[in-house]
Amino acid sequence: VTGALASELADVVGPAHVLTARDVVAGYEVDWTGRWHGRASLVVRPGTAEEVAAVLRACAARPIPVVAQGGNTGLVGGAVPFDAVVLSTTRLSELQPVDEGSAQMTVGAGVTLSALQQHAEGAGLAFAVDLAARDTATVGGMVATNAGGLHVLRHGPMRAQVAGLEAVLPDGRVISRLAGLLKDNTGYDLSGLLVGSEGTLAIVTSARLRLVPPPAARVTALLGVSGTEEAVARTASVWRAGIGLEAAELFYDDGLALVCSMTGLAPPFGRRRPPAYLLLECAGPQDPTAALAELVADAADSAVAGDARGRAALWAYRERHTEAIGAIGVPHKLDVSVPPGVLPRFAAEARRLIEAAGARAVLFGHVADGNLHVNVVGPDPEDNTLDGAVLRAAVRHGGTISAEHGIGRAKTPWLELSRSPAELATMTAIKAAFDPAGLLNPGVLLPGPPAG
Ligand code: 2HG
Ligand code: ZN
């Protein structure tokens, strides 16, 4: 079957873009964390929406499931194939010129976040979403997971940037909503529905994205704080001051020590080791440096940087957590959020639960969003006891089992903690309307592929 499909797909995309060699395909079968493994019959790399449509028609005719994969930086197993064809989106890399009138641009699903940021900057504008995997993560995956990242408190997640999408349905028909009209009340918002659908409804091929004015000045401060509570309070007071707070990132002494030992970075405050750290970034048309410096002047330890190099040095302590954690084992990544006021209690409870079970906890996150990245190292990849315990604790504290990474395969067993029976039934009906044969990313987001 694979041989016949491979040659049919080679006619569509060219033989160079159908990958069947075992060692090459293997690179597409595991996620970034190494926790989620699967099996792909082959990898196909279409270069246009028409080619995506032809690939989906060929797969539907078999039928064989299809899993879209972009940069493969997702952390919940949402792009790992299980006996499926991997449709790699990386060749859908067209960057159309920025439309100055609407401050929007249309880009292919395979464009990386950093390429699109640079493209926007070239036109004197900025893209509002930023995250640590910027050099690898692609627009299609960021749309499909409704990626959040560092600036959600200021600009919202990916959903808030999407003015429209082009996507291919599993039977090969194309939906195209790329006009970029801010006002268009003609019924169900199909683009909006695809944002966060994790490749289960259609395959996104292009996105029409909104841009924002670039801030003239930007400043970053790293503070030593006494704990989560002080981080939450300081974040709220800087936000209230109205000086353009864009990011508020929290991490702890144990995470910092791990980052320093894995990367060779020197700790920020020499021998002084505060229990927790808060990184604040403000940006706007007026230079926020003096105002921010004044607001943080009473912190026991602080460093403030306004130049690109100094800011990057402060950010490295925060952004290099993910790789440092990955270097000590295969982490269980529990991306949850709770109301920010509850974050101190929840963070303490999560740490207690994990350490009581003899596992290692590394916590960090986006404090203004109440979004904590609970990383658990120690338990086997298949052992999800602590996963369940932490997710249930988040929900008990008024939060959700996924803040910004999505459900993927990692969290399907607990989706009912965050979604009511009526919501789950509606979501299942939507899935059936888009993908009646269950061919797109089966087993992701909604539990289990249809039997048979
Ligand atoms: C981040 O905030 C990402 O850097 C990754 O969401 C989080 O590695 C993680 O747990
Ligand atoms: Zn994050």
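Atoms within each ligand, like the ligands themselves, are counted from 1 in listed order.
- Side chain to side chain, Asp135 and Ser114 meet the donor-acceptor criterion of an N or O pair below 3.5 Å.
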Can you give me every donor-acceptor pair (side chain of residues 339-355, partner residue at least two apart or in another chain, under 3.5 Å) with its distance?
unit_1: Glu349; atom_1: OE1; unit_2: His397; atom_2: NE2; d: 3.4
unit_1: Glu349; atom_1: OE2; unit_2: Arg396; atom_2: NH2; d: 2.6
unit_1: Arg351; atom_1: NH1; unit_2: Asp254; atom_2: OD2; d: 2.8

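- Atom CZ of Arg22 is surrounded by more than 12 heavy atoms from other residues, nucleotides or ligands within 6.0 Å.
- Heavy-atom proximity to His366, at under 4.0 Å, picks out these atoms of ligand 1: 2 (O).
- Judged by distance alone, the side chains of Ser88 and Gln69 never bring a donor and an acceptor atom under 3.5 Å apart.
- In this structure, a donor-acceptor pair under 3.5 Å is present between the side chains of Gln117 and Asp130.
- The aromatic rings of His366 and His373 sit perpendicular to each other, their planes meeting at more than 60°, with 30° as the lower class boundary.
- With a 4.0 Å heavy-atom cut-off, ligand 1 is reached by no atom of His321.
- If you check each of Lys333, His373, Glu249 against atom 8 (O) of ligand 1, the one with the closest non-hydrogen atom is Lys333.
- Only protein N, O or S atoms were considered, and those under 2.8 Å from the Zn ion (ligand 2) are His366 NE2, His373 NE2, Glu404 OE2.
- For the residue pair Asn371/Asp335, the side-chain donor-acceptor check at 3.5 Å is satisfied.
- Close approach of ligand 1 to Asn375 is summarised as follows: ligand atoms under 4.0 Å from at least one heavy atom of the residue are 10 (O).
- For Leu131, no heavy-atom contact with ligand 1 is shorter than 4.0 Å.
- Contacts between Leu75 and ligand 1 below 4.0 angstrom, taking non-hydrogen atoms only, involve the side chain exclusively.
- The residue from Leu95, Asp99, Leu178 that alone fulfils the side-chain contact (heavy atoms from CB on, under 4.5 Å) condition with Thr106 is Leu178.
- The single protein non-hydrogen atom nearest to atom 6 (O) of ligand 1 is His405 NE2, 2.7 Å, given as residue, atom name and distance.
- With a heavy-atom cut-off of 4.0 Å, Glu319 does not touch ligand 1 at all.
- The local environment of CZ in Arg218 is crowded, with over 12 non-hydrogen atoms from other residues, nucleotides or ligands closer than 6.0 Å.
- Residues Arg210 and Gln161 bring no donor and acceptor atom of their side chains to less than 3.5 Å of each other.
- Within the 4.0 Å heavy-atom criterion, the part of Arg318 lying near ligand 1 is the side chain and not the backbone.
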